[in-house]
Number of protein chains: 2
Amino acid sequence: MVQASKSPGPAAESSSRCCAGLEDLLSPRLFKALSDPRRLQLFVRLAGEGCACTVGQLADGSGVDLSVVSRHLAVLREAGVISCEKRGKEVWCTVQTGEVAGILRDLADALDACCPPGAAGEPAAH
Amino acid sequence: MVQASKSPGPAAESSSRCCAGLEDLLSPRLFKALSDPRRLQLFVRLAGEGCACTVGQLADGSGVDLSVVSRHLAVLREAGVISCEKRGKEVWCTVQTGEVAGILRDLADALDACCPPGAAGEPAAH
DNA sequence: CGTATAATTGCATCATGGTGCAAGCAAGCA
DNA sequence: TGCTTGCTTGCACCATGATGCAATTATACG
């Protein structure tokens, strides 16, 4: 929303020779979802519990209101970190371990393929 | 700061059998650093430029004040995403591709080793 | 020295986001 | 139908964070 559409920008963008697909892999939404300690706590808790909990179960012992947990889970869900399924009155949340792990690996691969040592821009002595 | 020290908590934490080291790998600081679109833009730009730029170079064409860029770079540096080296008057920033990729891979591995399908908590039909 | 350049930091302002309470909605049950 | 439970959403409040301008520090140059 802020970064518009790739934003050609006034400055020279000609040097995008490497790290081509990096930008597409870096999703602010994903990182924003994992940037909050409370959400991270819920994430770990959800993973530790066997990757499936109801909102109420996660709220128990979290120290915050159930509405807060509900909102945090919504953020995680919109980021694709977890998925939720309604069964009766309850909503069961599941960690998307495979999906998230895949994204992180793609990102790691893109980074490794990026910026070869002594590629360019590095000043020798100046 | 918020999550205290592992927080034994009132609720049952007995089910931390899996995803043991997951919590230690999930650093709010790292994700927070990558959660801002502007910082992500600087990150991509820095990677695309050959992984080495001065603060001024990054500020050019970024559309924001140099002080803003400086602050964003500080956040990235404190998160270990980049490293900065002062040479003369200028500060050269470098993307820590290997470090970041390593962290992401460790996290991906931990997630894959986590939550085996049909482990527990999953309701069959209820 | 004094000046210019590069970058950081202080300060004020504004936007975003986390939180709790209460109301609303959906689903099961008597 | 009325009631209870599980969860979501609206609203207000407060903390955090992003931004721009100005002042400060550090380094190079004359």
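Treat the numbers as computed from the prediction; the structure is a model and nothing was measured. So that the names make sense, note that chain A is the first sequence line, chain B the second, and so on, each numbered from 1. Excluded from the calculations below are hydrogen atoms, water molecules and symmetry mates; all remaining heavy atoms, backbone and side chain alike, are included.
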Legend entry - Contacts of type side-chain contact (heavy atoms from CB on, under 4.5 Å), residue V69(B), not counting sequence neighbours: L42(B), V55(B), L58(B), A59(B), S62(B), V64(B), L73(B)

What integer distance in Å separates [X]:[atom1] from [N]:[atom2]?
X      : N       : atom1 : atom2 : value
L42(B) : dA18(D) : CG    : C1'   : 13 Å
W92(A) : dC7(D)  : CH2   : C1'   : 14 Å
L40(A) : dG18(C) : CG    : C1'   : 15 Å
R87(B) : dT5(C)  : CZ    : C1'   : 19 Å
L66(B) : dT9(C)  : CG    : P     : 13 Å
E90(A) : dC7(D)  : CD    : C1'   : 10 Å
D60(A) : dG6(D)  : CG    : C1'   : 12 Å
L73(B) : dA6(C)  : CG    : P     : 16 Å

Under 4.0 Å from OP1 or OP2 of [N]: is there any side-chain N or O of [X] that close?
X      : N       : value
H72(B) : dT19(D) : yes
R38(B) : dT19(D) : yes
R39(A) : dG18(C) : yes

Inset, instruction - Going by the side-chain contact (heavy atoms from CB on, under 4.5 Å) test, name the single residue among L30(B), I82(B), D36(B) that passes it with L76(B). - result: I82(B)

Legend entry - Q57(B) side chain near T54(B) side chain, heavy-atom distance below 4.5 Å: yes

Inset, instruction - Scan for salt bridge (charged side-chain N to carboxylate O under 4.0 Å, His left out) pairs involving residues 64-77 of chain A, sequence neighbours excluded, and state none if there are none. - result: none

Legend entry - Qualifying residues under side chain to side chain donor-acceptor pair (under 3.5 Å), relative to Q96(A), sequence neighbours excluded: S83(A)

Inset, instruction - Could you work out which one of dG17(C), dT19(D), dA7(C) sits closest to the side chain of S70(B)? - result: dA7(C)

Show me, pair by pair, the donor-acceptor contacts under 3.5 angstrom made by side chains of residues 101-110 of chain A, not counting sequence neighbours?
residue: R105(A); atom: NH1; partner: D112(B); partner atom: OD2; Å: 2.8
residue: R105(A); atom: NH2; partner: D109(B); partner atom: OD1; Å: 2.6
residue: R105(A); atom: NH2; partner: D112(B); partner atom: OD2; Å: 2.9
residue: D109(A); atom: OD1; partner: R105(B); partner atom: NH2; Å: 2.7

Please list, pair by pair, any protein nitrogen or oxygen found under 3.5 Å from a nitrogen or oxygen in nucleotides 20-26 of chain C.
residue: dG20(C); atom: OP2; partner: D65(A); partner atom: N; Å: 3.1
residue: dG20(C); atom: O6; partner: R71(A); partner atom: NH2; Å: 2.7
residue: dC21(C); atom: N4; partner: S67(A); partner atom: OG; Å: 3.1

Inset, instruction - State the pairing partner of dA30(C); accept Watson-Crick or G-U wobble contacts with both distances under 3.5 Å, and report none otherwise. - result: dT1(D)

Inset, instruction - Would you kindly confirm whether V75(A) and L40(A) end up in one hydrophobic cluster when ILVMFWY residues are joined by side chain heavy atoms under 4.5 Å apart? - result: no

